[in-house]
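This report refers to the structure that appears directly beneath it.
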2 protein chains.
Amino acid sequence: MYKEDWLTSSLIAGSLSCNPVLVRKELATLKEGGLIESKEGKNGGIRILKSADKIYLSEIFNLVKGSDTVLSSLKNKPNPNCRVGKQINIKLDTILNDIDNAISNELQKQTLEEFKNQF
Amino acid sequence: MYKEDWLTSSLIAGSLSCNPVLVRKELATLKEGGLIESKEGKNGGIRILKSADKIYLSEIFNLVKGSDTVLSSLKNKPNPNCRVGKQINIKLDTILNDIDNAISNELQKQTLEEFKNQF
DNA sequence: ATATACTGTATTAATTTTTATTACAGTACA
DNA sequence: TGTACTGTAATAAAAATTAATACAGTATAT
């Protein structure tokens with residue numbers, strides 16, 4: 001097993017121009033989703049676990065997205081005594097979920113391998 | 001012409017629990033798009049210009065969205081000496097635009113009138 | 001065994017973005 | 001001519017994101 005197999009969070013962070021801790025946090029999500037694995041200790045790091053041609057961009061999207069809808073976390077607090085306000089968030093949430101699904105469907109058209117091969 | 005025809009930014013802001021100035025700014029976009037009209041001066045305000053059953057939610061989305069893509073403003077600045085970094089934003093932008101289009105298509109399924117009638 | 005270099009995670013600080021506030025010129029109405 | 005709006009700019013406050021620091025736990029190599 002070569003050292004180069006494992007990318008460190010520092011290396012990735014350098015490439016992205018961001019903080020290694022942020023990388024480790026975000027990648028924890030991909031790890032939970034089974035897309036990558038990580039190894040602690042010296043010469044450790046992160047590497048892809050699932051074959052890139054089996055990873056659709058939608059899978060990454062849905063993992064990273066988490067439980068919120070993408071376009072809003074619906075933090076507005078309308079008047080519950082208002083006939084519309086009482087229901088608006090429920091109705092909006094339906095649309096927001098439809099949007100998430102539409103995005104997911106769009107991203108299902110391309111695998112990570114296909115994306116990679118553009119370069 | 002009745003006073004009630006024109007909603008003031010304060011009234012709308014109250015209903016949304018936000019600031020009237022914010023409402024006036026956002027609605028300026030809808031005005032440019034021809035969805036609403038506004039009247040200055042006493043008893044002025046804002047009212048819908050186009051019939052709600054002719055306004056698809058996609059139209060509102062595209063106006064409010066502006067020129068950026070929804071999921072990112074691509075403010076990352078990858079290394080231009082990197083073979084991937086050099087092109088990544090162009091390739092990502094393609095996907096981000098596809099996503100915007102997918103959202104727009106989804107929102108084209110419903111008019112404002114149909115949304116309103118849920119209440 | 002022991003120094004080294006990683007992950008994982010928590011806490012706090014800094015930065016950026018969003019929203020609110022204040023102010024006021026311009027306008028239409030009564 | 002006073003009043004109540006919009007439109008817009010400038011600044012302040014709040015919220016969200018990102019960065020920095022710290023350190024326990026762990027695997028490797030010597």
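As the structure is a prediction and not an experimental result, all values here were calculated from the model. Each chain gets a letter, A, B and so on, in the order the sequences are listed, and its residues count up from 1.
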Can you check the [X] [atom1] to [N] [atom2] distance for me, whole Å?
X       : N      : atom1 : atom2 : value
B/Leu22 : D/dA15 : CG    : C1'   : 14 Å
A/Glu37 : C/dC6  : CD    : C1'   : 15 Å
B/Trp6  : D/dC5  : CH2   : P     : 14 Å
B/Leu7  : D/dT6  : CG    : C1'   : 14 Å
A/Asn19 : C/dA14 : CG    : P     : 14 Å
A/Lys31 : C/dT9  : NZ    : C1'   : 12 Å
B/Asp68 : C/dT17 : CG    : C1'   : 13 Å
B/Leu16 : C/dT18 : CG    : P     : 18 Å

Answer with base, sugar-phosphate or nothing: what part of the nucleic acid does B/Ser9 contact at a heavy-atom distance below 4.0 Å?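 Result for B/Ser9 = sugar-phosphate.
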
[X] side chain near [N] phosphate (N/O to OP1/OP2, under 4.0 Å):
X       : N     : answer
A/Arg24 : C/dG8 : no
B/Lys39 : D/dA4 : no
B/Ser38 : D/dG7 : yes

Would you kindly compare A/Lys25 and A/Glu40 by the position of their nearest DNA chain C nucleotide and give the one closer to the 5′ end? A/Glu40

Are side-chain heavy atoms of A/Leu107 and B/Ile99 found at a separation under 4.5 Å? yes

Under 4.5 Å between any side-chain heavy atoms of A/Gln87 and B/Gln118, yes or no? no

Pairwise 5' ranking along DNA chain D for A/Glu26 and B/Ile46, keeping only the more 5' one: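 So the residue in question is B/Ile46.
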
Given DNA chain D, 5'-ward residue of the pair B/Val21 and B/Lys42, judged by closest heavy atom: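 Final value for this comparison: B/Lys42.
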
Enclosure of A/Phe115 CZ (heavy-atom neighbours >12, cutoff 6.0 Å):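 Yes - once you tally the heavy atoms of other residues, nucleotides and ligands closer than 6.0 Å, there are more than 12.
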
May I ask you to decide if A/Ser58's main-chain N or O and A/Asn62's side chain share a donor-acceptor pair within less than 3.5 Å?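 Here the side-chain-to-backbone pair exists.
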
Got a donor-acceptor contact below 3.5 angstrom from the A/Ser15 side chain to the A/Leu11 backbone?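 No, A/Ser15 side chain to A/Leu11 backbone: no donor-acceptor pair under 3.5 Å.
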
